[in-house]
Structure formats: C-alpha cells, structure tokens
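No experiment lies behind these values; they were computed from the predicted model shown.
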Amino acid sequence: MRPHTQRPFLSAGIQMLSVQPDTKPKGCAGCNRKIKDRYLLKALDKYWHEDCLKCACCDCRLGEVGSTLYTKANLILCRRDYLRLFGVTGNCAACSKLIPAFEMVMRAKDNVYHLDCFACQLCNQRFCVGDKFFLKNNMILCQTDYEEGLMKEGYAPQVR
C-alpha cells in the first residue's frame, strides 16, 4: 500500500478479532478505554470497540457495513458517505463543472449533465420526461432546432 501522502484518501480494511482471555486488554482508539468485550475491531493499525468504530457522518457501525472504511480530512467514513462528500461523477458536458457523485444526472451516450444543464444548447429549452432530444456534433438539441439544422444542410427529416 502506498503512503497516505501520495493518495487523496485512504481505504483501509477492518478485521474483527476474537479477544483471547489470557491476553492483556487493548486500549480502544475511539474511547481510550480497555476493550474487555469478546470481540474487537482492528483498523488503521489501531484497536476499537465494535461500537466505537463509526462513520463520522451517519454514525453507522463500520464493522457491520463492510470490511472497508475510508479516511480523508481526518474523518473516518463509510463508503456511501465518502462518495457523497468527496466523490464526483465527472464533469458536466454543458457547463464543464464537476458533478458530485450523489447528484441526479442525465446521460446522453458518453456525456453526463446536471439536470439543470440538460437543455437544448441552441434555444435553452429544458426537456421534460418523454421529450425527444437529439445529440448532434456532441450538442443536445430539441427536435425543432435539430430539424432546422437538417433543413439548412439540405436534408429533410423523415416524416412517418
């Protein structure tokens, strides 16, 4: 594994270990008390009570939601909250701004758009559910602007 300084986040494994009765109790990294439970968790090279290793956002017990946790900005997070806070879907094809991973998007072929950006790029008409749109030269067009463009190019759209 690379050192933490080379990665924007650290994905770490969580191990559940059985406490052996003849061993000295380990200190919990979360509450600093001795772990006298039957089981303990090992993560980030530290030992934890099962109740103490929690996501900083949603408070879920990380030992129960999987075997991976994420750390960034001094936070310990579950996968869902890590992606919600720090993940990105990509850049919007219309405005070029980042799209957070938790945001609803529209897709057209390989392009991803914010919902507010998914509009005809000539007349700015927003599309509603069920509206036809056309992708020409990587531009989203409404039916009217698409057909007008075809007429200017000397092609008549097929009417059926």
Side-chain angles (χ1 to χ4, degrees), residues 1-17 28-30 41-160:
M1 184 185 303
R2 294 184 201 149
H4 180 66
T5 55
Q6 293 181 2
R7 294 174 66 152
F9 73 94
L10 176 64
S11 171
I14 302 170
Q15 294 177 296
M16 179 174 277
L17 304 173
C28 175
L41 298 175
K42 184 177 180 185
L44 303 171
D45 293 327
K46 298 176 184 174
Y47 296 97
W48 308 77
H49 289 106
E50 290 180 85
D51 286 337
C52 291
L53 186 59
K54 293 182 180 180
C55 174
C57 287
C58 69
D59 247 5
C60 71
R61 292 170 40 153
L62 293 171
E64 292 179 355
V65 296
S67 60
T68 305
L69 61 83
Y70 296 81
T71 61
K72 184 168 179 172
N74 293 325
L75 297 171
I76 296 176
L77 302 164
C78 66
R79 176 179 168 78
R80 190 180 118 249
D81 284 324
Y82 172 78
L83 290 173
R84 186 176 60 80
L85 292 172
F86 300 110
V88 290
T89 300
N91 290 345
C92 176
C95 73
S96 300
K97 293 180 183 171
L98 286 176
I99 302 173
F102 59 87
E103 191 170 307
M104 297 284 285
V105 296
M106 293 297 291
R107 295 182 187 273
K109 292 201 176 187
D110 294 331
N111 297 334
V112 183
Y113 302 86
H114 295 106
L115 291 182
D116 290 340
C117 294
F118 194 70
C120 177
Q121 291 177 303
L122 292 179
C123 71
N124 293 321
Q125 173 190 325
R126 300 262 322 264
F127 297 106
C128 297
V129 174
D131 286 350
K132 283 186 180 178
F133 70 91
F134 298 84
L135 192 61
K136 181 165 170 97
N137 299 330
N138 225 21
M139 285 180 58
I140 298 174
L141 302 172
C142 66
Q143 188 164 358
T144 303
D145 287 330
Y146 176 75
E147 289 174 356
E148 284 178 12
L150 289 179
M151 296 298 255
K152 288 178 186 172
E153 293 174 6
Y155 300 106
Q158 296 285 330
V159 180
R160 293 179 193 202

Task: Donor-acceptor contact below 3.5 Å, side chain Asp131 vs main chain Cys128 - done: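 Yes; judged by distance alone, with no hydrogens or angles, the pair exists.
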Task: Backbone N/O of Ala43 and side chain of Trp48: donor-acceptor pair under 3.5 Å - done: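 Yes, the answer is positive, given that a donor and an acceptor are paired below the 3.5 Å cut-off.
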With rounding to the nearest 0.5 angstrom, report the [atom1] to [atom2] distance, [X] to [Y].
X	Y	atom1	atom2	answer
Tyr70	Cys55	OH	SG	12.0 Å
Leu77	Leu69	CG	CG	8.5 Å
Gln121	Asp145	CD	CG	11.0 Å
Ile76	Leu53	CD1	CG	6.0 Å
Glu64	Leu41	CD	CG	9.5 Å
Glu50	Leu62	CD	CG	12.0 Å

pair [X]-[Y]: side-chain heavy atoms closer than 4.5 Å:
X	Y	answer
Asp81	Leu75	no
Cys123	Thr144	no
Arg126	Asp116	yes
Leu83	Arg79	yes
Leu122	Met139	yes

Task: Aromatic plane relationship, Phe134 with Tyr146 - under 30° parallel, 30 to 60° tilted, over 60° perpendicular - done: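 Tyr146 vs Phe134 ring planes: parallel.
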Open item on the list: For Phe133 and Phe127, take the angle between the two ring planes, folded into 0 to 90°, and tell me which bin it lands in: parallel under 30, tilted 30 to 60, perpendicular over 60.
Closed with: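 The arrangement is tilted - the two ring planes meet at 30° to 60°.
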So, for [X] and [Y], which heavy atoms are closest and what is the spacing to 0.1 Å?
X	Y	answer
Val65	Cys60	CG1-SG, 3.9 Å
Leu115	Met106	CD2-CG, 3.5 Å
Ile99	Tyr113	CD1-C, 4.0 Å
Gly30	Cys52	CA-CB, 4.2 Å

TODO: Would you please name every residue forming a side-chain contact (heavy atoms from CB on, under 4.5 Å) with Lys109, sequence neighbours left out?
DONE: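 Residues passing side-chain contact (heavy atoms from CB on, under 4.5 Å) with Lys109: Leu135.
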